[in-house]
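Here the structure is laid out as structure tokens; the discussion comes afterwards.
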Amino acid sequence: MHWADVLAEKLCAQEKKHVLATGITPSGPIHIGNMREILTTDGVYRSLIERGANVELIYVADDFDPLRKVYPYLPKSYEKYVGKPISDIPCPCGNHKSYADHFLKSFLNSLKEIGVKPRVYRASEMYRNGDYSDAIQIALENVTKIRKIIETISKRQLTKGWLPFNIRCEQCSKISNAKPTLYQFPIIEYKCDCGFEGEVDVRKGGVGKLPWRIDWPARWKMLGVTFEPCGKDLATVGGARDTGKAIVEQIYNYPHPALIVYEFIMLKGQGAMHSSKGTALSSEEMLHMTPPEVLRFLIMNNQPSKHIVFDTGLGVLNLVDEYDREERVYFGEEEEIKGMKDLRRTYELSQPYLLPTTIPYQIPYRHLVTIVQIGNNWNKVKEILIRTGQIPEELKEQDERHIKQRVEHVKYWLENFAPDEVKFKIHEKFPSVDLDSNQKKFLSVAIKKLQNIDWDAEKIHNAIYDASEEEKITIKEAFKTIYQIFLGQIKGPRAGYFLSNLDKKFVMKRLEQSIK
RNA sequence: GGGCCUGUAGCUCAGCUAGGUAGAGCAUCUGGCUUUUAACCAGGUGGCCAAGGGUUCGAAUCCCUUCAGGCCCGCCA
């Protein structure tokens with residue numbers, strides 16, 4: 001059984017409303033690892049819906065969290081905002097309402113693209129609206145108990161006057177620097193590092209927030225959460241998951257949700273991603289180079305407990321090929337091979353929106369890498385595909401959309417991630433190369449051979465072989481010569497297919513030029 | 001130190017949430033009209049499933065122990 005169904009079945013055993021929660025702090029580009037949290041949950045969500053369960057998928061943006069430090073991707077001037085809630089900090093690009101919005105918005109767009117539709121909550125609004133008031137009051141009434149839980153389970157020593165509440169200084173509006181001096185419900189007197197001394201009424205919204213270890217369980221109760229995946233860093237012994245379980249049960253009197261652990265996504269050659277270190281691949285960027293169904297496939301095809309190594313280089317091509325192959329198997333065009341586990345289910349869960357009823361028109365992704373570099377834009381690519389008979393002239397609308405989308409992804413990948421070995425550029429004008437007399441003789445024979453054949457990859461290929469044999473130059477040298485006059489480099493894509501995708505007139509003209 | 005994950009063909013991995021004769025891709029070898037280049041086809045070679053023990057009629061698959069590697073334990077998924 002697919003892991004999403006296994007998890008869904010377990011939840012189904014309890015007949016009640018299920019709230020599947022996800023939560024990410026938009027303090028930087030939200031990366032593909034964060035996306036795993038959402039997609040993992042979405043898999044379970046869809047499975048529950050199919051089972052007819054009463055279920056809701058939510059996403060809580062922790063935008064009331066303070067900015068921890070000036071991250072590498074921020075200007076130095078952000079120093080003055082450290083400690084303020086990210087929903088109150090100006091947007092780095094100036095086009096969004098706040099710092100949090102800047103990162104949140106692109107993430108929400110990505111969600112739309114991969115077909116995830118959660119109900120979105122913002123912590124900043126929840127705090128300001130006073131939604132947290134009860135939870136805050138309960139936490140403050142149970143300081144001693146909470147303190148004991150955290151100190152016992154996490155083995156951390158809390159400071160003397162510690163309160164389960166981080167006050168937001170009224171003067172500097174920073175959340176992390178104010179220390180409580182006296183607490184008498186509902187008033188906390190405090191002294192801030194900025195020199196300000198004041199008092200807040202905890203019943204009022206937005207005067208501060210619960211620390212993370214308490215905020216999390218408080219939220220479970222408040223939103224009725226029954227399932228939430230968490231990253232392996234939080235799942236460590238004595239971590240937020242352990243203290244959260246104890247706090248939600250002992251303080252908030254609510255059963256802890258199912259907290260499954262998911263592993264990190266590594267970038268090949270770089271290890272785990274850290275947005276704070278700048279070694280992260282944003283979900284947006286990821287979606288520019290990987291078709292949405294393939295990104296979903298990456299997550300759905302792997303058990304959450306397994307780490308995934310993502311290779312932004314040639315690995316992307318393999319991933320798309322694997323997806324296409326499973327698609328062919330799904331639609332019965334290819335035989336299933338042993339080891340394609342839960343193939344049908346994986347394929348279904350990989351669809352961002354509707355499940356196709358017939359197989360989408362496939363063009364091998366690697367091949368698109370070549371054609372896109374010849375055609376440059378969709379219209380030309382389409383023209384080449386039609387001329388070479390790789391697609392029919394009348395293509396179904398959704399098939400055209402599908403191929404066009406892939407072409408766009410290939411382009412982005414070529415521009416930003418592809419290794420040099422697969423890149424080439426057709427020179428519009430004759431490149432500056434010196435050909436020796438043998439090469440020229442070979443070319444003049446090749447012209448004759450090519451002139452009268454059908455413009456077909458295999459025939460072109462054979463013509464090149466014939467010419468090289470007649471002129472007694474090595475086949476290697478022959479191919480090199482071809483690449484030189486078209487690409488200005490000594491290597492290139494498979495020659496026959498490559499030339500067949502070019503316009504014959506253009507090829508012949510270039511060949512003529514080369515022997516002058 | 002603690003936690004989680006991983007250890008299956010030369011390489012990358014599937015199979016382990018149904019325990020029942022070892023799977024794929026790449027690489028390599030042979031053949032197909034000579035086929036550089038990650039868009040051929042057909043076939044072959046190649047594995048004591050990390051090691052040891054246990055449960056079972058039967059274990060890559062379940063349990064225990066050991067070894068090796070990776071990641072995580074600061075509110076970074």
Side-chain angles (χ1 to χ4, degrees), chain A residues 1-3 5-7 9-10 22-25 27-28 30-38 40 62 65-66 68-69 71 154-156 166 176 209-216 229-242 261-266 268 271-277 279-280 301-307 309 311 313-315 317-318 321-322 325 336-343 363-371 390 419 421-422 424 457-458 461-462 464-466 468-469 474-480 482-483 489-498:
Chain A
M1 215 191 326
H2 192 274
W3 55 261
D5 294 322
V6 173
L7 293 170
E9 241 174 41
K10 272 189 196 152
T22 60
I24 295 155
T25 310
S27 62
I30 295 179
H31 58 73
I32 165 70
N34 303 118
M35 199 63 112
R36 186 171 201 180
E37 171 158 335
I38 299 264
T40 302
D62 283 302
D65 284 18
R68 313 261 166 228
K69 62 173 187 181
Y71 297 111
S154 81
K155 309 229 157 49
R156 193 184 304 177
N166 293 336
S176 36
K209 75 182 291 292
L210 292 169
W212 166 238
R213 281 181 188 257
I214 298 120
D215 185 307
W216 205 21
C230 63
K232 63 163 7 183
D233 55 336
L234 300 180
T236 194
V237 167
R241 182 175 68 151
D242 285 354
V261 181
Y262 61 92
E263 257 281 353
F264 285 5
I265 296 181
M266 324 284 178
K268 194 180 177 187
M273 288 189 249
H274 298 274
S275 32
S276 57
K277 287 181 199 157
T279 57
N301 195 33
N302 286 286
Q303 299 272 347
S305 63
K306 291 208 170 194
H307 74 256
V309 178
D311 173 12
L314 295 170
L317 306 185
N318 288 334
D321 277 352
E322 196 186 339
R325 184 171 180 185
E336 180 166 354
I337 49 174
K338 247 184 174 176
M340 284 184 166
K341 211 210 159 195
D342 299 319
L343 166 133
I363 300 280
Y365 206 60
R366 283 168 202 285
H367 184 40
L368 283 181
V369 169
T370 302
I371 299 184
Q390 296 174 79
E421 57 186 288
V422 300
F424 65 84
E458 206 177 329
H461 203 91
N462 289 335
I464 294 171
Y465 266 93
D466 289 347
S468 79
E469 216 156 66
T474 63
I475 188 65
K476 205 166 183 146
E477 186 73 7
F479 284 118
K480 182 180 145 193
I482 300 279
Y483 297 130
Q489 60 191 46
I490 58 170
K491 283 198 167 192
R494 203 171 257 269
Y497 289 100
F498 169 59

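Quick note on labels: first sequence line is chain A, next is B, and so on, each numbered from 1.
Looking at the side chain of A:D466, the nearest of the listed nucleotides B:U34, B:C75, B:C4 is B:U34. For A:D233, the side-chain atoms get nearest to B:C73 when compared with the rest of B:C73, B:C75, B:C4. Across B:U17, B:U34, B:C75, the shortest atom-to-atom separation from the side chain of A:R68 is found for B:C75. Comparing atom distances between the A:E263 side chain and each of B:C76, B:G74, B:G70 picks out B:G70 as nearest.
One P atom belongs to B:C71, the other to B:G54, and the distance between them is 35 Å to the nearest Å. With C1' as the reference atom, B:U21 and B:C4 are 35 Å apart, rounded to whole Å. For the C1' atoms, the distance from B:G10 to B:U45 is 12 Å, rounded to whole Å. Of the C1' atoms belonging to B:G15 and B:G25, the separation is 15 Å, rounded to the nearest Å. Rounded to whole Å, the P atom of B:C16 lies 9 Å from the corresponding atom of B:C62. Annotation: B:A60 and B:A38 have their P atoms spaced 38 Å apart (nearest Å). Taking the C1' atoms as reference points, B:A14 lies 15 Å from B:G7, given to the whole Å. Nucleotides B:A50 and B:A22 have their P atoms positioned 15 Å apart, rounded to a whole Å.
Residues A:W212 and A:L234 meet the side-chain proximity criterion, which asks for heavy atoms closer than 4.5 Å. Within the 4.5 Å cutoff, side-chain heavy atoms of A:I38 are placed close to those of A:I24.
The heavy-atom pair separating A:Q390 from A:I363 by the smallest distance is O-CD1, 3.8 Å. Nearest heavy-atom pair, A:W216 versus A:C230, reported as atom, atom and distance to 0.1 Å: CH2-CB, 3.8 Å. In this structure, A:A495 and A:I464 approach most closely via the heavy-atom pair CB-CD1, 4.3 Å. Between A:I265 and A:G33, the closest heavy-atom pair is CD1-CA, 4.1 Å. The heavy-atom pair separating A:G238 from A:S154 by the smallest distance is O-CB, 3.3 Å.
Ranked by how close their nearest RNA chain B nucleotide is to the 5' end, A:K209 and A:H2 are led by A:H2.
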Which atom pairs link the protein and nucleotides 35-41 of chain B when you take only N or O atoms and keep those under 3.5 Å?
unit_1	atom_1	unit_2	atom_2	d
B:U35	O4'	A:Y465	OH	2.7
B:U35	O2	A:H461	NE2	3.3
B:U36	N3	A:Y483	OH	2.9
B:U36	O4	A:Y483	OH	3.0
B:U36	O4	A:A495	N	2.7
B:U37	O2	A:G492	O	2.9
B:U37	O2	A:P493	O	3.3
B:U37	O2	A:R494	N	2.1
B:U37	N3	A:R494	N	3.1
B:U37	O4	A:R494	NE	2.9
B:U37	O4	A:R494	NH1	3.0
B:U37	O4	A:R494	NH2	3.3
B:A38	O2'	A:R366	NH1	2.8
B:A38	N3	A:R366	NH1	2.7
B:A38	N3	A:R366	NH2	3.4
B:A39	N7	A:H367	ND1	3.1
B:A39	N6	A:H367	ND1	3.1
B:A39	N6	A:H367	NE2	2.9

Just the table, please: protein N/O against nucleotides 6-9 of chain B N/O, every pair under 3.5 Å.
none

Mind listing the N/O atom pairs, protein and nucleotides 1-3 of chain B, below 3.5 Å?
unit_1	atom_1	unit_2	atom_2	d
B:G2	N2	A:T236	OG1	3.0

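For the pair A:E322 CD and B:C13 P, the interatomic distance rounds to 12 Å; values are reported in whole Å. Here the P atom of nucleotide B:C4 and the CD atom of A:Q303 are 17 Å apart, to the nearest Å. Taking atom CD1 of A:I265 as the reference point, atom P of B:C76 lies 17 Å away to the nearest angstrom. In this structure, CG of A:L343 is placed 19 Å from P of B:G23, rounded to the nearest angstrom. If you measure from atom CG of A:L234 to atom C1' of B:C75, you get 8 Å, rounded to the nearest angstrom. Distance NZ (A:K69) to P (B:C76): 12 Å, rounded to an integer number of Å. Between A:N34 atom CG and B:C76 atom C1' there is a gap of 9 Å when expressed in whole angstrom units. With rounding to whole Å, A:D242 atom CG is found 14 Å from B:C75 atom P.
The residue A:V6 sits close to a base: some heavy atom pair falls under 4.0 Å. Among the heavy atoms of the strands, none lies under 4.0 Å from A:D321. At the heavy-atom level, A:N301 lies nowhere under 4.0 Å from the strands shown.
The CG atom of A:D5 sits 7.0 Å away from atom CD of A:E9, with the distance rounded to the nearest 0.5 Å. In this structure, A:F264 CZ and A:N34 CG are separated by 9.5 Å, a value rounded to the nearest 0.5 Å. Summarising the geometry, atom CG belonging to A:D215 is positioned 5.5 Å from atom CG belonging to A:L210; distances are rounded to the nearest 0.5 Å.
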Each base of RNA chain B marked ( ) or [ ] if paired in-strand (Watson-Crick or G-U under 3.5 Å), | if paired to another strand and . if unpaired gives ((((((((.[[[[.)....(..]]]].(((((.......))))).....[[[[[..)....]]]]])))))))....
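Note on ring orientation: taking the six-membered ring where Trp is involved, the planes of A:H461 and A:F479 are tilted (angle from 30° to 60°).
Side-chain atoms of A:R241 do not come within 3.5 Å of backbone N or O of A:G231 as any donor-acceptor pair. Side-chain atoms of A:E263 never come within 3.5 Å of backbone atoms of A:K232 as a donor-acceptor pair (strictly under, hydrogens ignored).
A:D321 pairs by the salt bridge (Lys or Arg N to Asp or Glu O under 4.0 Å) definition with A:R366, not counting sequence neighbours. In this structure, the side-chain contact (heavy atoms from CB on, under 4.5 Å) partners of A:Q303, at least two apart in sequence or on a different chain, are A:W3, A:S305, A:K306, A:K341.
The distance between the ring centers of A:Y483 and A:F424 does not fall below 6.0 angstrom.
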